[in-house]
Amino acid sequence: MTKQKSPDKNLQNVAKDLDADPVNAHNAQQVQQKVNDHRHQDALNHEGTNS
């Protein structure tokens with residue numbers, strides 16, 4: 001197994017997102033929508049790869 005030279009980028013992004021506190025309901029909705037958009041795009045990108 002190779003030794004990782006830098007911290008995991010996915011974990012860095014998760015930690016950064018968890019540190020961001022929404023200021024109000026609108027901001028919280030915007031943050032959640034961004035997450036949903038990323039998940040949807042990821043699903044579209046992987047569609048059809050399970051043949």
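Numbers here are sequence positions counted from 1.
- Looking at Asp37, Asp42, Val35 one by one, the single match for side chain to side chain contact (heavy atoms under 4.5 Å, CB included) with Arg39 turns out to be Val35.
- Looking only at side-chain heavy atoms (C-beta outward), Lys34 and His38 come within less than 4.5 Å of each other.
- The heavy-atom pair separating Asn27 from Asp21 by the smallest distance is OD1-O, 4.4 Å.
- Each of Gln33, His26, Gln32 was evaluated against Gln30; a single residue qualifies, His26, per the side-chain hydrogen bond (donor to acceptor under 3.5 Å, both in side chains) test.
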